[in-house]
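One structure is given below, encoded as structure tokens.
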Amino acid sequence: MKIASVVINTSVKELDKKFDYMISEDMEDIIKVGMRVIVPFGLGNKLIDGIVVDIKEYSEGENLKYIYDILDEDIIIDNSTLDLAKQISNIYLCSYYDAIKLFLPFSNLKRTVLIKRLNFDEIYTDEYDFLNYLKNDYIQLEKIERLINKKIKKTQLIKLYKKGIIDVKEVLNKVVKPKKEVVIKVTDEFIVREFIEKNKQNKRLEKQISVLEVLLKRQEFVLLKELVDTLNVSSSTLKALLNKGLILKEYVEVYRNPIKDNYVYEKVVLNQEQENAIDNILSAYRNGKRVTLLFGVTGSGKTEIYINLIEKFLLEGYGAIVLIPEISLTPQTVERFKGRFGDKIAVLHSRLSDGERYDEWRRIYKGEAQIVIGARSAVFAPVKNLKLIIVDEEHEHTYKSEITPKYDARDIAKLRLENVNGLLILGSATPSIESYFKAKNGEYNLVEIHKRANKGVLPQVNIVDMRSELKKGNRSVFSQVLLEEIALNLEQRNQIILFINRRGHSTFVSCRACGYVAKCLDCDITLTYHYYNNSLSCHYCGKNYIIPSKCPKCKSQYIKYFGAGTEKVETEIKKYFPKARVLRMDMDTTRYKGAHEDIYRAFKNGDADILIGTQMIAKGMDFKNVTLVGIIAIDTILNLPDYKAAERAFQLISQVSGRAGRGEKSGKVIIQTYEPENPVIQFASFHDYKSFYEYEIKMRQLMNNPPFTDILYLLLTSQNEQELIKKSHELAQYFNDMTTSKDIEFLGPSPCYISKIKNVFRWNFVIKGNVKKYYANIYQIVYNLLNSSNISFTMDINPVSML
DNA sequence: AGCACGCCGACT
DNA sequence: GTCGGCGTGCTC
């Protein structure tokens, strides 16, 4: 008798271990390590899925149960990937199964409860009316609930089951399956030719003969769908042919293809700088430098370098992964890769349907696609002979997962490549401080490209002091200079982009008389006024409020609207330039699927003169005709209490500025700010990353922030504020005992910058020092203390945001 | 996390 | 004597 060790699908800490199950004889030859199985679990023998991680002859456990069934016909994860998952679970302190899940394309299984009636005594139907809908055949509980339009209580089901009135069973089903399509073929060529000859004149058999003729010509299985489309025949025609035994049908698996169009992207001749970069990367790689930071200004042709490197690796039989920040925002990049590599490339990202993702995953798994392009999660793709990973725009925060395990795709990439001695390329025009620091210290190979491949010139940037605008009596969101430039560019029929970091009309509403500020009742957030639905809305919980005509506190009439968002910019623009055609791109205008693309296309086609938008417009978009970019306000981003605020502001200014002057005409950028002397804005205006880096790295050192230390951010949340505060302080006591270690420092507890979201209160600790060493230790302390409380917690090393 | 078991009080 | 409330402890 063989025994299988199974890791079950759970993120519960107590269940995160191997459970042994017996393998029945009929499954002995089928079940392998790395296979998904269904097992009975717990006292109720509830069916649950898991992965076989070991097969052995003997188990310590008593009363072993049998594996119930297998889920896939073959293994879905190999041994080395299982090892990798184990490492990940240790690093990020998540369950083994949660780590394994990262490598799989499936979402959870669908659980269906089936129910049938065994006893038809009338006496029970008075109390349990749903019994009337049951037959002595299994039916889905969900269907009954829909019929009677209410939930059936579990306790009722158990009661009836025990009395022997009903039978209840549960099944687990896969949500996605391989897609099959019908193909047909002639059974016997000779007989078919004879049939056609004999019935040539028969008008009634015209359609049937047309099908047979195509099949004879093709000499192979042909997709039924294709015949139906091209010959305009119906299913009855084919049925007749099947009945006559002239054709036979079979099912073949087809892939659901997420990219419908066929792109062609011709090979480009590289310039000298690009050639040099590739030589440099490869020779460093041969000398053991397995990470290169490719620091290339916008437009320096990094993508061409990536493509060339991939081609080189492909020739040697190696696979590659390309990570890009967010696929939906950069469709052009995907098009370019698809155009160059065709079917060899697979696309993976969260917007795919489950079926599409499953099929792309399997194309990669089978080795049919050797290259993968995708967002963060694509770093886990089962690429065969993986030897190269490229992280484009490596500074982007989207590479860090915001759900547990809170991995950083760049770290996972390193981990994966370590085991196979592969090459990692981190590419950016504004590298993260951390990566550039490592490159300068020699930990990474550094390759820099300063010239733009298309000979374009970086736009000229002007900083406008909004304080002096105020002094001049200009209370509008636009400075005089910006208004003049907009007018000029409109006149010249150029396009304009206006960037503002907030959506909505006014970002806060307050009373001039008493200082009251409209806040969300459930969140510690000021409400934003939206013009389109004339309401105040909370951007954290989505709640809408009616606008008060009088101050709710002092009843005065002096309610005023402050701060500007995209809506306000739009209305103001329409006031100043009534003839200008304006498009707005923010969360409000891109709610429906494809809206983002539509606005992008419309602006690119020249259907509008001005595009107003939030962060969304900063990424990837390539508009040739934009000559003016206005950054309406940057100060709010710059002044957030977060050690990455300066870095983020610099990157944002650089990215938004990069939208100007991408075509023939040169571009201009105007930054409006209340602190024009701020060095971050100054450096950004000169496109001077290096000086910015020198400035920022000093700040990081001074404040003891990454990359000089690691930060462990501990967030505690609860609906019960009193208990939260009490437990937080209790935790501080425990942490106090640890600080004797000297290599670790605890800051807190303190309420978060946003101290309440959706009625959940938030407190935090910021822990600095050798946090990786103490991570598991700290986790255990927090877990033990909060285990039986109503307080939840999350931990994150070097988080993207600490608000 | 579920789920069953078991101990306790309330009630026909 | 039965029902249901929740505290406890286990899950191969």
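Order of the sequence lines sets the chain letters (A, B, ...), proteins ahead of strands, with each chain counted from 1.
- Listed by residue number, the members of residues 25-54 of chain A with any heavy atom below 4.0 angstrom from DNA chain C are Pro40(A), Phe41(A), Gly42(A).
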Listed pairs under 3.5 Å, donor-acceptor, residues 131-145 of chain A side chains, sequence neighbours left out:
| residue | atom | partner | partner atom | Å |
| --- | --- | --- | --- | --- |
| Asn132(A) | ND2 | Asp129(A) | O | 3.3 |
| Tyr138(A) | OH | Asp167(A) | OD2 | 2.4 |
| Glu145(A) | OE2 | Ile152(A) | N | 3.0 |

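- Between Lys86(A) and the options Asn90(A), Leu84(A), Asp83(A), a side chain to side chain contact (heavy atoms under 4.5 Å, CB included) holds for only Asn90(A).
- With sequence neighbours excluded, the residues that form a side-chain hydrogen bond (donor to acceptor under 3.5 Å, both in side chains) with Glu14(A) are Tyr783(A).
- Under a cutoff of 6.0 Å and an axis angle of 45°, Lys174(A) and Phe106(A) do not form a cation-pi pair.
- Aromatic rings from Phe41(A) and Phe19(A) are positioned such that their centres are separated by under 6.0 Å.
- For Thr81(A), the side-chain hydrogen bond (donor to acceptor under 3.5 Å, both in side chains) partners are Asp78(A), not counting sequence neighbours.
- Applying the salt bridge (charged side-chain N to carboxylate O under 4.0 Å, His left out) criterion to Arg362(A), with sequence neighbours excluded, gives Glu253(A), Asp359(A).
- Under the rule for a side-chain hydrogen bond (donor to acceptor under 3.5 Å, both in side chains), the partners of Lys56(A) that lie at least two apart in sequence or sit in another chain are Ser5(A), Asp20(A).
- In terms of the side-chain hydrogen bond (donor to acceptor under 3.5 Å, both in side chains) criterion, Ser792(A) has no residue partners (sequence neighbours excluded).
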| Secondary structure string for DNA chain C (Watson-Crick or G-U under 3.5 angstrom, | for other-strand pairs) | |||||||||||.
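- Partners of Phe746(A) under the side chain to side chain contact (heavy atoms under 4.5 Å, CB included) rule, at least two apart in sequence or in another chain, are Phe735(A), Met738(A), Thr739(A), Ile744(A), Ile767(A), Ile778(A).
- Tyr407(A) has its ring centre no less than 6.0 Å from the ring centre of Tyr399(A).
- Listed by chain and residue number, Asn720(A), Lys727(A), Ser789(A), Asn790(A), Ile791(A) satisfy the side chain to side chain contact (heavy atoms under 4.5 Å, CB included) test with Glu723(A) (two or more places apart in sequence, or in another chain).
- Note that the first and last nucleotides of DNA chain B, 5' to 3', having any atom under 4.0 angstrom from a heavy atom of chain A are dA1(B) to dA4(B).
- Nucleotides of DNA chain C lying under 4.0 Å from heavy atoms of chain A occupy a range whose first and last members, 5' to 3', are dG4(C) to dC12(C).
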